[in-house]
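In what follows, chains are A, B, ... by sequence order, proteins preceding strands, each numbered from 1.
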2 protein chains.
Amino acid sequence: MIRLMLADDEDLIRGALAALLELESDLTVVGEARDSVAAVAVAVGRRPDLAVLDLEMPPGDGLRAATEIRAALGIPVVLVTRHARPAVLRRALAAGVGGFVPKTTPASRLAAIIRTVHAGRRYVDPEIAASALTENECPLTARELEILSVVRSGAPILDVAAAVHLAPGTVRNYLSAAMAKLGADTRHAAARQAWEQGWI
Amino acid sequence: MIRLMLADDEDLIRGALAALLELESDLTVVGEARDSVAAVAVAVGRRPDLAVLDLEMPPGDGLRAATEIRAALGIPVVLVTRHARPAVLRRALAAGVGGFVPKTTPASRLAAIIRTVHAGRRYVDPEIAASALTENECPLTARELEILSVVRSGAPILDVAAAVHLAPGTVRNYLSAAMAKLGADTRHAAARQAWEQGWI
DNA sequence: CAGCTTCGATGACAGATGTCATCAATCCGC
DNA sequence: GCGGATTGATGACATCTGTCATCGAAGCTG
């Protein structure tokens, strides 16, 4: 019997996944959480054999929760995500995540994936793996990424400058460089591109 | 026995919901679809007693699918949504939708909601209903809404003007008016606000 | 028909934004 | 130490964007 925990901020989805997995005779859900902080606490408290975490889960993200759970318990983690972004897969694998499953995966396959990961093997969605292998490296510097992540919230340049403690002109320079590297016309387009690639 | 159909573009979620609902002895899933066009076709082909549709479902949205299914079969529809936006609830009710369920609803309540709606009554999430009742009317004109919906894609003004067949200056005028009404500093902020309210 | 409104457009202006050249300070390698 | 790269900043310039006044063409409304 594999003892699981589930974390997802949408109660309906989390409950539905629990129902799906409880149908399997060798799986049982022993804990649930609706945010990434609670997920770590539940993992420590219930000591499951494996954790299934949603990647898009406030506050922060599920990847940090995955890292902390692995550090605390050493159990395998399966990440479920809506947006299959190649660079995120890369970081997840680097963090020791055992399974990376987009929500476009048929529900009938989830149990098998969980068994695979519980057995110590890895599962990675074939399509995301392919894009992750063919994708070009991120050409942006750390500063550029930091600034783009603030831009993504829609703030004007003055606010961005205040948020990263830089002069407005400097922010414009970094944005100009990032836009040139990405071939984007506006900082908003650049921020969107960087996010879609998983860089921010 | 209530015969259901499910439509959601994420196979994992759709399958999990099916598992959840099949646990109920008086519910059975007789059809599934992964986009709004297929949803209408499946509804016509399988003639379920009730349809459960995701609101965020390409192409277009689940609301149009709900309208078409009601027009074709007259069966009750339950809309499930991630973003609980008041104005969308308003439009859904106007379209004759019987249930409006955010994904933050506990999974244990879904079956009861489906029975309620199947019995001809209505279910609306209390929190969204409250915001829908206290919300202020949309102050924007049809043109402003149309332009803001294009702006939301991140296009520069020239592209927006081309998309709506207007002169760039005219687009700027409409945007200026919309921004003034919404108290937004940039068109991006205005578009975000309008979307969060459910106006676009 | 005169008056009024609405819609789309134009021109002018200030401020924001993107591009570029340049510069000072710092860090690193040798 | 020297040379080079990196980081943050500044100023100049062109373009884009937001604001406003205005105008013409329809469309109604009496």
Side-chain angles (χ1 to χ4, degrees), chain A residues 87 90-91 94 135-200, chain B residues 87 90-91 94 135-200:
Chain A
R90 221 179 265 270
R91 285 204 296 278
E135 92 179 311
N136 29 14
E137 277 301 302
C138 173
L140 304 175
T141 69
R143 267 296 196 212
E144 288 160 3
L145 290 172
E146 180 187 7
I147 290 173
L148 280 181
S149 70
V150 179
V151 165
R152 213 174 92 76
S153 75
I157 286 194
L158 272 177
D159 295 5
V160 176
V164 297
H165 307 297
L166 285 176
T170 309
V171 170
R172 282 197 280 158
N173 287 338
Y174 280 116
L175 284 175
S176 186
M179 288 158 61
K181 288 176 184 173
L182 267 46
D185 285 342
T186 71
R187 61 210 147 95
H188 301 291
R192 179 173 302 222
Q193 269 192 54
W195 184 84
E196 281 169 359
Q197 289 292 322
W199 297 331
I200 57 177
Chain B
R90 221 180 264 269
R91 284 203 296 277
E135 91 180 313
N136 30 15
E137 277 302 301
C138 172
L140 303 175
T141 69
R143 268 296 196 210
E144 288 161 1
L145 290 172
E146 179 187 8
I147 289 172
L148 280 180
S149 69
V150 180
V151 165
R152 213 174 92 77
S153 74
I157 287 193
L158 272 177
D159 295 6
V160 176
V164 297
H165 307 297
L166 286 177
T170 309
V171 170
R172 282 196 282 158
N173 287 340
Y174 280 116
L175 285 175
S176 186
M179 289 157 62
K181 289 176 184 173
L182 267 46
D185 285 342
T186 71
R187 61 211 146 95
H188 301 289
R192 181 173 302 221
Q193 268 192 54
W195 185 84
E196 282 168 358
Q197 289 291 323
W199 296 330
I200 58 177

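Taking only side-chain atoms of A:Asn173, from C-beta outward, the nucleotide of C:dA21, D:dA21, C:dT17 with the closest atom is C:dA21. Among D:dG11, D:dT17, D:dA21, the nucleotide with an atom closest to any side-chain atom of B:Arg172 is D:dT17. The B:Arg187 side chain lies nearest to D:dT17 when the options are D:dT17, C:dT17, D:dA9. Of the listed nucleotides (C:dT10, D:dA9, D:dG18), D:dG18 has the atom at the smallest distance from the side chain of B:Met179. For A:Tyr174, whose side chain is taken as the heavy atoms from C-beta onward, the closest listed nucleotide among C:dT19, D:dG8, D:dA21 is D:dG8. The side chain of B:Arg143 has C:dG8 as its nearest neighbour among D:dG8, D:dT10, C:dG8.
Protein atom CG of B:Leu158 is 13 Å distant from nucleotide atom P of D:dT15, rounded to whole Å. In this structure, CD1 of B:Ile147 is placed 14 Å from C1' of D:dG18, rounded to the nearest angstrom. If you take NE2 of A:His165 and P of D:dT7, they are 18 Å apart, rounded to a whole angstrom. In this structure, CD1 of A:Ile157 is placed 15 Å from C1' of D:dA9, rounded to the nearest angstrom. D:dT7 atom C1' lies 17 Å from atom CG of A:Leu140, rounded to whole Å. The distance between atom CG of B:Asp185 and atom P of C:dG15, rounded to the nearest whole Å, is 15 Å. As rounded to whole Å, 16 Å separates atom P of C:dA16 from atom CG of A:Leu175. As rounded to whole Å, 14 Å separates atom C1' of C:dT17 from atom CG of A:Asp159.
The phosphate of D:dG18 has neither OP1 nor OP2 within less than 4.0 Å of any side-chain N or O from B:Ser176. Between A:Thr170 and the phosphate of D:dA9, there is a side-chain N or O to OP1/OP2 separation shorter than 4.0 Å.
Using a 4.0 Å heavy-atom distance criterion, B:Thr186 is classed as a sugar-phosphate-only contact.
Scanning all heavy atoms of the two residues, the minimum distance from B:Ala190 to B:Leu148 falls at CB-CD2, 4.1 Å. Closest heavy-atom contact between A:Arg187 and A:Ala155: NH1-O, 3.5 Å. When all heavy atoms of B:Lys181 and B:Thr141 are compared, the closest pair comes out as NZ-CG2, 3.8 Å. Counting all heavy atoms, side chain and backbone alike, A:Leu145 lies closest to A:Ile200 at O-CG2, 3.5 Å.
Side-chain contact check for B:Ser153 versus B:Asp159: every heavy-atom pair is 4.5 Å or farther apart.
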